[in-house]
J.: 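Okay, here's the structure, questions in a sec.
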Amino acid sequence: MAMEKALTETLISIRKELHQYPEVSGQEHGTQQRILEFISSHTNAHCSTVAKTGVTALFDSKIGGPTILIRGDIDALPIQETNTFKHKSQIQGVSHKCGHDGHTTILLGLAVELSKHPIAKGKVLLLFQPAEETGEGAEKVLTDSALRNVHIDFCFALHNLPGFDKNMIVVKANEFTSNVKSIIIKLKGKTAHAAEPENGFNPASTIASILQLAEKLTNNDPKVEDFFLATPIHVNLGGKNYGISAGYGEVHLTLRSWSTALMDKTCKAIENFVAESSKKAQLTPEISYTQIFKANLNHPEAVLHIERAAKQNNLKLHALSAPFKWGEDFGLFTQNYKGAMFGLGAGKETPALHNPDYDFPDDITATGIRMFQTIIKNQLNS
């Protein structure tokens, strides 16, 4: 199942083009157009737009059978690139530092292979998903009328993983990535003269108690079921006016857990604590959440399909002992359908994800394509 040299060169070219013109979550208009143009020129897939800036590419055998969804994310990050190679980002303050340009390219290559080697039965739906980085894309896709009535039997996705040998396949049943949720706590009090703080309501003590609570709630041991991590992200209190006792403050925390039940329970505990502390300090609290990621729950049957495909392609397999602590928007799919996400080693010397000098390694693209192609073949061509 080796990839032709011409296709390899074409995919490297489109990957570098995607890297040069990155777009942040929800703004992937140019990326969407490039995907549509490539699929129209190189494949026989039926394309549709989804969630405003996403794309679906459907391969339908017209013969009854399972429907398999393969997802690749397409958005970039608001990070200034420090690389100086020719295909560096041309967009100030935006770059592909999570490898979504590579994930997109893998699905484009898969679309070409599915056109050359049609499925024997069932359907394959390739999803080029926007807004993964903000945790909004999966929900927008799943509530879009284009997918609302589509029956999905299995769903699969991959993520490139710096720190692991190139082309290694990283697997784990059940939780693969963490539940992640960011909480924003706003505390409205009353300003006063700094010499007379008793005439106002300063949120400083309440903010301090919330930070202490975050430390108390944290159990940062990935190997235990009740793993929970509360990380202070941002604190704001008043301004640099030394004659004023602050009357407003904010605390932002990012929360992580394996267990959805534990996440819900702890969020409720934080909300109750904030309410009680604010009442004592005569503050008005306002709580909201942002960037919500559901844990990827890898179905054991889907994991077996991944392991089988890796063995058939003579690839190294690595089984994780604990999930990854970062969040991934694909979790919403695996909480609704049988499916799994797996890791694709990007090299031990490759800069870490979200680092300003990261670049997706093109020499793992073919492995990603082969893995998905083998998974599909095993399920639809048997």
Side-chain angles (χ1 to χ4, degrees), residues 11-12 14-28 31 71-107 129-137 157-170 172 176-178 180-182 220 222 229 231-234 252-256 290-291 293 296 318 320 322-331 341-365 367-368:
L11 293 178
I12 290 174
I14 187 67
R15 205 283 298 177
K16 289 182 176 179
E17 183 180 344
L18 291 168
H19 191 93
Q20 283 183 292
Y21 301 100
E23 294 169 305
V24 294
S25 301
Q27 302 298 316
E28 307 94 334
T31 303
R71 189 219 69 171
D73 34 18
I74 67 174
D75 53 333
L77 285 157
I79 297 174
Q80 179 64 39
E81 181 160 44
T82 58
N83 293 316
T84 57
F85 43 56
K86 288 184 179 180
H87 64 278
K88 68 181 180 182
S89 173
Q90 300 300 302
I91 310 300
Q92 186 71 20
V94 181
S95 55
H96 272 293
K97 295 300 154 192
C98 207
H100 295 184
D101 51 343
H103 299 169
T104 300
T105 303
I106 287 170
L107 258 65
Q129 185 204 301
E132 187 282 324
E133 294 290 355
T134 59
E136 299 172 323
L158 64 73
H159 206 294
N160 77 96
L161 297 177
F164 291 84
D165 291 337
K166 280 187 178 179
N167 301 306
M168 174 180 280
I169 303 303
V170 180
K172 185 183 179 301
F176 185 76
T177 61
S178 177
V180 182
K181 183 183 289 190
S182 293
N220 192 11
L229 178 59
T231 306
I233 299 300
H234 174 74
H252 298 224
L253 307 171
T254 296
L255 313 174
R256 302 172 192 272
T290 188
Q291 300 204 8
F293 298 83
N296 272 283
H318 175 78
L320 293 173
F324 290 107
K325 292 193 283 185
W326 37 268
E328 224 292 348
D329 199 24
F330 188 64
M341 168 171 275
F342 63 93
L344 173 59
K348 288 188 174 180
E349 304 304 319
T350 300
L353 299 174
H354 293 209
N355 275 25
D357 59 342
Y358 167 88
D359 185 39
F360 180 88
D362 291 305
D363 47 353
I364 67 172
T365 299
T367 299

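Sequence positions, counted from 1, serve as the residue numbers for this chain.
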J.: With side chain to side chain contact (heavy atoms under 4.5 Å, CB included) as the criterion, how do I106 and F360 come out once you've worked through the C-alpha distance, each side chain's angles and the decisive distance to 0.1 Å?
T.: CA-CA 11 Å; I106 287 170; F360 180 88; 4.2 Å; yes
J.: Spell out, as yes or no, whether a donor-acceptor pair under 3.5 Å connects the side chain of S95 to the backbone of I79.
T.: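 Yes; judged by distance alone, with no hydrogens or angles, the pair exists.
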J.: Taking ring pair (Phe, Tyr, Trp, His ring centres under 6.0 Å) as the definition, give me every residue that meets it alongside F176, ordered by chain and number, with sequence neighbours left out.
T.: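 If we apply the ring pair (Phe, Tyr, Trp, His ring centres under 6.0 Å) test to F176, skipping adjacent residues, the hits are F324.
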J.: Can I get a per-line list of side-chain donor-acceptor pairs under 3.5 Å for residues 350-357, giving both atom names and the distance, sequence neighbours left out?
T.:
residue, atom, partner, partner atom, Å
T350, OG1, A346, O, 2.5

J.: Tell me whether the rings of H103 and H159 are parallel (<30°), tilted (30 to 60°) or perpendicular (>60°).
T.: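 The arrangement is perpendicular - the two ring planes meet at more than 60°.
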J.: Please check: side-chain N/O of E28 versus main-chain N/O of A131, any donor-acceptor pairing under 3.5 Å?
T.: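 Yes.
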J.: Is there a side-chain contact between F330 and T177 in this structure, where contact means two heavy atoms from C-beta onward sitting under 4.5 Å apart?
T.: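 Not in contact.
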J.: Going by the side chain to side chain contact (heavy atoms under 4.5 Å, CB included) test, name the single residue among L161, L158, L344 that passes it with I364.
T.: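 Going through L161, L158, L344 one by one, the side chain to side chain contact (heavy atoms under 4.5 Å, CB included) with I364 is satisfied by L344 alone.
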J.: Can you pull the salt bridge (Lys or Arg N to Asp or Glu O under 4.0 Å) pairs that have at least one residue in residues 158-168, sequence neighbours excluded?
T.: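 Pairs touching residues 158-168 that pass the test: D165-K316, D165-K348, K166-D363.
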J.: Taking the ring of H318 and the ring of F164, is the distance between their centroids below 6.0 Å?
T.: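 Centroid separation for F164 and H318: below 6.0 Å.
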J.: Which residues pass the salt bridge (charged side-chain N to carboxylate O under 4.0 Å, His left out) test with D329, sequence neighbours left out?
T.: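 Partners of D329 under the salt bridge (charged side-chain N to carboxylate O under 4.0 Å, His left out) test: none.
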J.: Taking only residues two or more places apart in sequence, or in another chain, which ones meet E328 in a salt bridge (charged side-chain N to carboxylate O under 4.0 Å, His left out)?
T.: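 Partners of E328 by the salt bridge (charged side-chain N to carboxylate O under 4.0 Å, His left out) criterion, ordered by chain and then number, come out as R71.
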J.: Taking salt bridge (Lys or Arg N to Asp or Glu O under 4.0 Å) as the cut-off, I'd like each qualifying pair that reaches into residues 95-106, sequence neighbours left out, listed once.
T.: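 Sorted pair list: R15-D101, E81-K97.
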J.: Could you please spell out the steps behind the side chain to side chain contact (heavy atoms under 4.5 Å, CB included) verdict for V180 and Q291?
T.: CA-CA 8 Å; V180 182; Q291 300 204 8; over 6 Å; no
J.: As an exercise, state the distance from CG of L77 to NE2 of H100, rounded to the nearest 0.5 Å.
T.: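 Nearest 0.5 Å value for the CG-NE2 distance: 7.0 Å.
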J.: Could you tell me which non-hydrogen atom of P232 sits nearest to which non-hydrogen atom of L253, and how far apart they are?
T.: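 The answer is CA-CD2, 3.6 Å.
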J.: Who are the side-chain hydrogen bond (donor to acceptor under 3.5 Å, both in side chains) partners of Q90, not counting sequence neighbours?
T.: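 Counting only residues at least two positions away or on another chain, Q90 forms no side-chain hydrogen bond (donor to acceptor under 3.5 Å, both in side chains).
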J.: So Y358 and N160, do their side chains get closer than 4.5 Å, heavy atoms only?
T.: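 Yes, close enough: below the 4.5 Å cut-off.
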J.: Tell me every residue that passes salt bridge (charged side-chain N to carboxylate O under 4.0 Å, His left out) with D75, counting only those two or more places apart in sequence or in another chain.
T.: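 None.
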J.: If we only count heavy atoms from C-beta on, is the F293 to R256 side-chain gap below 4.5 Å?
T.: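 Counting from C-beta outward, F293 and R256 never come under 4.5 Å.
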J.: Under the side-chain hydrogen bond (donor to acceptor under 3.5 Å, both in side chains) rule, collect the residues that match up with T134, sequence neighbours excluded.
T.: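 For T134, the residues satisfying side-chain hydrogen bond (donor to acceptor under 3.5 Å, both in side chains) (neighbours in sequence not counted) are E136.
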J.: I'd like to check the ring pair (Phe, Tyr, Trp, His ring centres under 6.0 Å) partners of F342; sequence neighbours left out, ordered by chain and number.
T.: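 With sequence neighbours excluded, F342 shows a ring pair (Phe, Tyr, Trp, His ring centres under 6.0 Å) to F372, given in chain and number order.
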J.: Do N220 and K325 touch side chain to side chain, with heavy atoms closer than 4.5 Å?
T.: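 Yes - at least one pair of side-chain heavy atoms lies under 4.5 Å apart.
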J.: Determine the minimum heavy-atom distance between P323 and P222, stating which atoms define it.
T.: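 Where P323 meets P222 most closely, the heavy atoms are CD-O, 4.2 Å.
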J.: Distance-only, no hydrogens or angles: does the S89 side chain make a donor-acceptor pair with backbone N or O of V94 under 3.5 Å?
T.: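 Answer holds: yes.
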J.: First locate atom CD1 of I12, then atom CG of D362, and finally report the distance between them rounded to the nearest 0.5 Å.
T.: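 Atom-to-atom, I12:CD1 and D362:CG are 5.0 Å apart.
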J.: List the residues meeting side-chain contact (heavy atoms from CB on, under 4.5 Å) with E17, not counting sequence neighbours, and say none if there are none.
T.: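 side-chain contact (heavy atoms from CB on, under 4.5 Å) check on E17 returns I14, Y21, R34.
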J.: After noting the C-alpha distance and the side-chain angles of E133 and D73, does the key distance pass the side chain to side chain contact (heavy atoms under 4.5 Å, CB included) rule?
T.: CA-CA 9 Å; E133 294 290 355; D73 34 18; over 6 Å; no
J.: Can you measure from CG (D359) to NZ (K88) and round to the nearest 0.5 angstrom?
T.: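 One finds 13.0 Å between CG of D359 and NZ of K88.
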J.: Listed by chain and number, what are the ring pair (Phe, Tyr, Trp, His ring centres under 6.0 Å) partners of H19, not counting sequence neighbours?
T.: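 H19: ring pair (Phe, Tyr, Trp, His ring centres under 6.0 Å) contacts with F85, H87.
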